[in-house]
Participant: 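My questions will all concern the structure given below.
In what follows, chains carry the letters A, B, and so on, assigned in the order in which the sequence lines appear, proteins first and then strands, with residues in each chain numbered from 1.
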Amino acid sequence: MKNADIATVFENIADLLELKGENKFKIRAYSRAAQIISHLPEEMELMHEEGKDFQDIPGIGDAIAKKSMELITTGRLKYYEDLKSQFPDGIINLMDLPGIGPKTAYRLATELEVTSIDQLEQAIRDGRVMSLERMGEKTAANILHSIEAFRRKDRRIPLGEALPVVEEVLKALRNTPGAGNLTPAGSLRRFKETVGDIDLMGTADDPEAVVKVFTKLPQVREVLGYGSTKASVILPRGLQADLRIVEHNSFGSLLQHFTGSKEHNVALRTKMQKKGLSLSEYGITDIASGITEKFGDEESFYNRLGLQYIPPEIREDMGEIELAEQNAIPALIEISDIKGDFHAHTIGSDGMDTIEDMARAAKILGYEYLAITDHSSGRNIPADKKMDRIREQTDEIKRLNQSSLGIHLLNGVEVDIRADGSLDLPDEVLAQLDVVIAAVHSSFLQERGQMTQRIAGAIENPNVDIIAHPTCRKIGEREPVDVDMEAVFQAAAKFGKALEINAMPDRLALKDLYAYRARELGVMLVIGTDSHTVAHFDLMRFGIGVARRAWCRPQNVLNTRSLKDALDFLHRS
DNA sequence: GCCGTTTTCGGCCCGACTGTTTTCAGTCG
């Protein structure tokens, strides 16, 4: 059983215990364990095989360790099944609706025998919900609204779609006189791969004026509500955005609070409470004296707590607070560390621009090198022309490298790993190139063993340097392939091959947790934009976001190295 | 249920909003 499934069981247990009216701290313990398990960089199955003790994981004690073990070894949990049998089936589903918590769900299920969203809608429409104690017309209408939103499948949207909209909004707001510090907070600022709603923070001499401008922006589809210091609106794609404007001197605690994550903030407050400090969006209160200190920026907020500044991307309660206490937060990779890009396409395959266009664009970014890695065949290249195409590319790159472009081009390819594990180009051709990326582009539904062997086999091939987008997922579109990533990491570490963090915002694979684990195992990572036009080079920042979430320092990422050092690593110099 | 450079027992993050009531429970982030 995978961590994600184990976490779901514990989350459901927390919900069921809440229905039961159990001790809320016990409920919190299960809920917290679920969070912790879903964020573990290593599968518990594997930890079990390695003889690691689950109780060494902070937040997991004797009881939950035993239950995890039962789930891993038997695939079931008797405690959970007993608990489930005490409630009507489907009651947990009701709690998926915003506004319906355990108490309401329990009453609906027991007093109205409603246990599905469809039944609930019916019960609202025929007036039964309104007839319950402490349930009025407004509550019923609100639940109906939630049901409609739920049906519209208002899911989290990819970061890459949200961020451009947000930046447009912020740009417009910056023109308001007296407005400052306009910054996105929440999961967007932490560079999570998808975002739910959007939190925007700022300061102003006249907050009301900024709020007013915000509600009248052309991007705003609907104003949900607004007051003198905040407003909630709906942007395109059903994206909800909340703006909060405060006075300049309390911006630090506000931004810290709304950046989260929730887990980070809870851990931080728990720790500081023991030192007699109470934290909130308004500042830091000394519990004994009741005096609240305000902070204009986050750095001074963290410093007041005796902590080093913690970058937003790693605020997930994954040990960052303890490291910050020791002043030991690593210097994470920054976009300015990037010296080149190992993954780019041109009109030679399915790209939109020429090699020269791409080279000039990369040069403007200050890159030292750019690898041209068009596909081996398919995607605009007939199978019988694939050798001709490589020859043409080789000649063109040679010509450009002899001209005075000011950037070094690497002659590369993105070669398909076929369903049977063989590569789409012969070894003698691959051996003559500067860099070879291998990737799966077909037969995504292969079973685990075959897919693992397919990818691991490519890693073993001495002519392969990098595996691109190893899980092949597309966020909201295509599930990741079924592959034993641990085996892939082990192979990459053993053979000294790099794994790509694909910076395309709809891919972002390796995802953060995999990149974290790969880094831990000493695997070299590479951030590739997979650019298909010159404009795509700007997507590098999304890959940087993932790398930072994976706690990567520059030395963990190949394309922070100089051309010579990078080629040395790949044994290509 | 978890945890301990003040605790192996007695604590456990903080604030706001909403709806339905007159002091608050439930839910959310």
Participant: Taking the C1' atom of each, how far is B:dT6 from B:dG1, in whole Å?
Facilitator: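 It comes out at 23 Å once rounded to the nearest Å.
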
Participant: Go through the steps for A:Lys171 and A:Glu168 under the test salt bridge (Lys or Arg N to Asp or Glu O under 4.0 Å), then give the verdict.
Facilitator: CA-CA 5 Å; A:Lys171 197 173 159 196; A:Glu168 222 179 286; over 6 Å; no

Participant: Please tell me if A:Gln273 has a side-chain N or O lying less than 4.0 Å from either OP1 or OP2 of B:dC14.
Facilitator: yes

Participant: Atom pairs under 3.5 Å, N or O on each side, protein against nucleotides 21-25 of chain B: can you list them with distances?
Facilitator:
none

Participant: Output all residues satisfying salt bridge (charged side-chain N to carboxylate O under 4.0 Å, His left out) with A:Arg189, sequence neighbours left out; order by chain, then residue number.
Facilitator: A:Glu298

Participant: With sequence neighbours left out, which residue pairs that include part of residues 28-40 of chain A fulfil the salt bridge (charged side-chain N to carboxylate O under 4.0 Å, His left out) condition?
Facilitator: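 Output for this query lists A:Arg32-A:Asp317.
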
Participant: Ignoring backbone atoms, test whether A:Thr104 places a side-chain nitrogen or oxygen under 4.0 Å from the OP1 or OP2 oxygen of B:dG26.
Facilitator: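 No, outside the criterion.
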
Participant: Do the side-chain N or O atoms of A:Ser280 get closer than 4.0 angstrom to the phosphate oxygens (OP1, OP2) of B:dC13?
Facilitator: no

Participant: Should A:Thr270 be listed as having a side-chain N or O under 4.0 Å from OP1 or OP2 of B:dC12?
Facilitator: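 False: A:Thr270 side-chain N/O out of range (4.0 Å or more) of B:dC12 OP1/OP2.
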
Participant: Hey, which of these two, A:Leu97 or A:Lys275, hits DNA chain B nearer its 5' end, going by closest nucleotide?
Facilitator: A:Lys275

Participant: Quote, to the nearest angstrom, the P distance that separates B:dC14 from B:dC9.
Facilitator: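 One P to the other, the span is 26 Å.
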
Participant: For the C1' atoms, the ones on B:dT20 and on B:dG29, what distance do you get once it is rounded to whole angstrom?
Facilitator: 23 Å

Participant: Looking only at atom types and distance, does a side-chain atom of A:Thr8 sit under 3.5 Å from a main-chain N or O of A:Ala4, one as donor and one as acceptor?
Facilitator: yes

Participant: Could you please name the partner base of B:dC12, counting Watson-Crick and G-U wobble pairs only when both distances are under 3.5 Å?
Facilitator: B:dG1

Participant: With a 4.0 Å heavy-atom cut-off, tell me which residues in residues 72-94 of chain A come close to DNA chain B, sorted by residue number.
Facilitator: none

Participant: Let me know, please, whether A:Lys274 or A:Thr139 comes out on the 5' side of the other along DNA chain B by nearest nucleotide.
Facilitator: A:Lys274

Participant: Roughly how far apart, to the nearest Å, are B:dT8 and B:dC3 at atom P?
Facilitator: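 To the nearest whole Å, 16 Å.
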
Participant: Could you work out the separation of B:dT7 and B:dT18 based on their C1' atoms and round it to a whole Å?
Facilitator: 39 Å

Participant: Answer yes when A:Glu42 and A:Lys2 have at least one side-chain N-carboxylate O distance shorter than 4.0 Å, and no when they do not.
Facilitator: no

Participant: Listing request: all salt bridge (charged side-chain N to carboxylate O under 4.0 Å, His left out) pairs with a residue in residues 102-111 of chain A, at least two apart in sequence or in separate chains.
Facilitator: A:Arg107-A:Glu111

Participant: Is the shortest side-chain N/O distance from A:Lys230 to OP1 or OP2 of B:dC17 below 4.0 Å?
Facilitator: yes

Participant: Can you tell me whether the base of B:dT21 sits syn or anti, using the 90° cut around 0 to define syn?
Facilitator: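 Here B:dT21 takes the anti form, which means its glycosidic angle is more than 90° from 0.
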
Participant: Verify, without hydrogens or angle tests, whether A:Thr183 (side chain) and A:Asn181 (backbone) share a donor-acceptor contact under 3.5 angstrom.
Facilitator: yes

Participant: I want to check one thing: is the phosphate of B:dG26, taken as OP1 and OP2, less than 4.0 Å away from some side-chain N or O of A:Tyr106?
Facilitator: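 Looking at the OP1 and OP2 atoms of B:dG26, neither is under 4.0 Å from any side-chain N or O of A:Tyr106.
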
Participant: Looking only at side-chain N and O atoms, does A:Asn142 come under 4.0 Å of OP1 or OP2 in B:dG19?
Facilitator: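 Checking A:Asn142 against B:dG19: at least one side-chain N or O falls below 4.0 Å of OP1 or OP2.
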
Participant: For residues A:Leu305 and A:Ile284, determine if any side-chain heavy atom of one lies less than 4.5 Å from a side-chain heavy atom of the other.
Facilitator: yes

Participant: Among residues two or more places apart or on two chains, list those pairs meeting salt bridge (charged side-chain N to carboxylate O under 4.0 Å, His left out) that have a residue in residues 224-234 of chain A.
Facilitator: none

Participant: Knowing that exactly one of A:Arg190, A:Arg548, A:Lys192 qualifies, which makes a salt bridge (charged side-chain N to carboxylate O under 4.0 Å, His left out) with A:Glu316?
Facilitator: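 For A:Glu316, the salt bridge (charged side-chain N to carboxylate O under 4.0 Å, His left out) check succeeds only for A:Arg190.
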
Participant: B:dT21 and B:dG26: how far apart are their C1' atoms, nearest whole angstrom?
Facilitator: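 My reading of the C1' atoms in B:dT21 and B:dG26 gives 14 Å.
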
